[in-house]
Amino acid sequence: MLLPLGVALDNVLIDAGLALIAMFVGFYSAIWYVKFSSTHYGGDSKREMENKANEAARSNMAAQQMRDLAKNVASDVGHHCTMVSGISNELGAVDAESPEANAAVTGAVSKILSANEKLQSRLAEAEQKIQAQAEEIKTQLFEARTDALTNLANRRAFDDALEQSIALCSSKQVPFSLLLMDVDHFKKFNDAHGHQAGDEVLRSVGKTLQQVVKFGDFACRYGGEEFGLVMPSTPIGDARVAAERIRKAIESMVVKFEGKELSVNVSVGLAEASRGEDAVKLIGRADAGVYFSKEAGRNCGHWHDGDGFLPMDLAAAPEEKPAQAPEQPSSAEVEVSVDSADLLPDRDSYTHELQRRVAECHRFGVTLASMYIAVKNYAGLEKEFGNAVGQLLLQSVARFIRTSLRDMDLLAKIKPGEFAIMLPGSSGREGKVVAARIQTAISSCAIPLGDKEIQLQLDIGVCGVEPGDDAERMIERARAEAVGKSDQTAPVA
């Protein structure tokens with residue numbers, strides 16, 4: 001009569017063991033995801049962590065649900081084991097030779113089988129919840145690493161892939177190359193066809209990238225209309241072939257939108273990683289190739305060999321010497337050929353466009369920086385030399401600033417002597433690099449005025465988008481940094 005009881009006890013122990021294993025797997029999966037979201041991605045900046053507050057909340061909720069589920073099942077199993085132990089003790093006190101022995105054993109087995117059935121039901125329910133939580137964790141992980149518009153990897157996933165390739169390059173000398181590309185004249189395209197058409201172009205570029213990159217390459221939307229490709233185990237010769245194939249595929253791409261057939265081109269920059277080179281320097285070399293390609297007429301690509309730029313097209317002569325980055329225009333060139341600062345977008349237009357980009361950042365988690373530039377003592381210069389000279393100075397500043405910007409960046413005139421720049425896809429740290437480039441461009445040139453030369457100086461402030469930001473707040477934060485604490489409360493005209 002004791003055999004059924006032993007079998008039942010074995011079943012209970014097996015079920016309890018499996019339940020606890022499942023609980024621990026689910027629980028530690030949730031814990032791993034929370035740590036992955038909060039530390040692995042959070043090392044770059046505080047802003048990045050703040051932008052992903054919603055993801056962390058979802059992760060913590062999933063982890064808490066796993067904790068509660070584990071506690072409940074452990075409690076159920078513990079209660080069940082206590083009950084079985086009590087029944088076993090009762091049976092131990094029964095005289096096996098007494099007439100009541102058979103009835104006692106039968107009753108004990110019946111109780112255990114009934115309790116086991118209830119526990120099985122609770123375990124089945126817990127298993128369903130585990131599966132649901134596992135799917136939630138998988139969804140969160142996918143969303144945390146994927147750009148919602150193009151379905152490519154996002155910037156954070158790109159940074160992770162780049163760091164892994166850099167580590168392999170440094171430790172095991174595994175070569176790899178980095179490609180960056182920028183959709184040409186994207187702002188003009190948006191102005192002509194609308195932002196929905198622009199979104200469709202970005203989706204099409206993303207789809208084309210997925211189709212033409214080789215297995216193992218890591219494509220992402222780098223930010224705004226910029227895309228990136230990490231090419232592991234790929235030296236520059238092979239990378240040039242792949243980059244030109246990608247450029248031609250996008251060039252031949254037809255984007256159908258509202259009955260129209262649209263086409264776009266890209267400018268490409270390429271660089272092979274050097275041993276010991278960090279991500280910032282490698283990205284800088286590839287990004288410089290993008291700028292050089294735009295200077296060369298767009299819809300082309302250039303790669304940086306460490307000293308200068310060479311055309312990506314394999315038809316170029318191999319003995320061709322690297323071309324150097326274009327020099328800043330001389331002051332004489334500025335005097336005879338300038339862009340009118342009055343043609344720049346005004347403050348209202350800039351604020352409207354910046355607000356649209358800020359909303360995109362909050363929705364998709366992309367980066368954005370805003371810059372504010374004030375010409376030092378502009379009012380004094382205008383008073384001393386007159387309004388016409390003042391306008392010439394602003395035209396000179398606008399021209400020099402443009403030499404340091406991408407097509408996707410938006411330069412606007414906020415008021416006399418003060419400009420603002422929107423840098424989509426750039427963090428505050430990357431914006432400061434652009435600011436330094438602008439300072440260098442201005443400091444390298446003096447503006448001739450009769451027998452005098454004016455050496456312009458700029459105050460520049462940069463800020464990255466933060467949770468809860470709007471356009472006005474970003475403008476004011478960048479402006480406060482540019483003009484100094486003594487003028488922080490002054491409103492923008």
Side-chain angles (χ1 to χ4, degrees), residues 177-189 222-229 236 239-240 243-244 246-248 250-251 264-272 281-317 320-340 343-344 371 395-411 419 421-426 430-431 433-445:
S177 297
L178 172 66
L179 179 150
L180 294 178
M181 66 182 190
D182 188 67
V183 178
D184 293 329
H185 298 300
F186 188 74
K187 183 181 181 302
K188 293 180 180 179
F189 184 92
Y222 190 74
E225 58 267 31
E226 287 185 297
F227 295 83
L229 183 67
I236 192 63
R240 290 173 65 184
E244 185 65 8
I246 291 169
R247 185 196 65 78
K248 289 180 178 179
I250 294 174
E251 180 184 32
V264 294
N265 301 316
V266 292
S267 294
V268 181
L270 191 63
E272 181 179 1
K281 291 181 180 179
L282 178 60
I283 290 173
R285 290 200 292 125
D287 193 45
V290 175
Y291 282 96
F292 194 89
S293 295
K294 289 184 178 295
E295 292 287 339
R298 296 180 170 82
N299 191 26
C300 62
H302 288 81
W303 62 281
H304 191 269
D305 68 346
D307 296 320
F309 299 95
L310 289 167
M312 191 174 67
D313 189 352
L314 297 178
E320 182 179 1
K321 294 182 179 180
Q324 300 301 314
E327 297 180 355
Q328 300 295 344
S330 66
S331 56
E333 291 174 324
V334 174
E335 188 175 14
V336 299
S337 177
V338 296
D339 295 325
S340 173
L343 297 180
L344 294 176
M371 186 184 303
Q395 291 167 359
S396 301
V397 171
R399 177 179 174 84
F400 278 113
I401 290 174
R402 282 198 180 101
T403 64
S404 300
L405 300 181
R406 305 163 296 182
D407 284 347
M408 65 191 291
D409 301 331
L410 177 63
L411 171 65
F419 300 85
I421 303 173
M422 181 179 69
L423 301 166
S426 299
E430 291 166 333
V433 174
V434 178
R437 195 158 60 220
I438 292 173
Q439 289 279 27
T440 300
I442 291 294
S443 64
S444 65
C445 181

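Because the structure is a prediction, the values reported are computed rather than measured. Worth knowing before you read on, the calculation uses all heavy atoms, side chains too, and leaves out hydrogens, waters and symmetry mates.
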Any sub-3.5 Å donor-acceptor pair from Arg298's side-chain atoms to Asp184's backbone N or O?
-> no

_Check this for me: does any side-chain nitrogen of one of Glu251 and Lys248 sit under 4.0 Å from a carboxylate oxygen of the other?_
no

* Asked: If we only count heavy atoms from C-beta on, is the Ser267 to Asn299 side-chain gap below 4.5 Å?
  -> no

(request) Would you indicate whether the side-chain heavy atoms of Glu430 and Val434 approach each other to under 4.5 Å? (result) no

Between Arg247 and Gly301 the two heavy atoms that sit nearest each other are CD-N, 4.4 Å

Heavy atoms of Ala398 and Leu411 approach each other most closely as O-CD2, 4.0 Å

Between His302 and Ala296 the two heavy atoms that sit nearest each other are CE1-CB, 3.7 Å

Shortest non-hydrogen pair, Ala243 vs Leu270, comes out as CB-CD2, 4.1 Å

Classify the ring geometry of Phe309 against Phe292: parallel below 30°, tilted from 30° to 60°, perpendicular beyond 60°. parallel

Met371 and Gly431 have their tightest heavy-atom pair at CE-O, 3.5 Å

Smallest heavy-atom separation, Leu405 atom then Tyr291 atom, equals O-CE2, 3.3 Å

So Val183 and Phe227, do their side chains get closer than 4.5 Å, heavy atoms only? yes

* Does a side-chain heavy-atom distance below 4.5 Å link Tyr222 with Ile283? -> yes

Judged by atom type as modelled, is there a donor-acceptor pair below 3.5 Å linking the side chain of Ser293 to the main-chain atoms of Val268? yes

The test is side-chain contact (heavy atoms from CB on, under 4.5 Å); show your working for Leu178 and Arg285 and say whether it passes.
CA-CA 9 Å; Leu178 172 66; Arg285 290 200 292 125; over 6 Å; no

Notebook entry, point to check: Are the side chains of Ile250 and Met181 in touch, meaning some heavy atoms are under 4.5 Å apart?
Noted result: yes

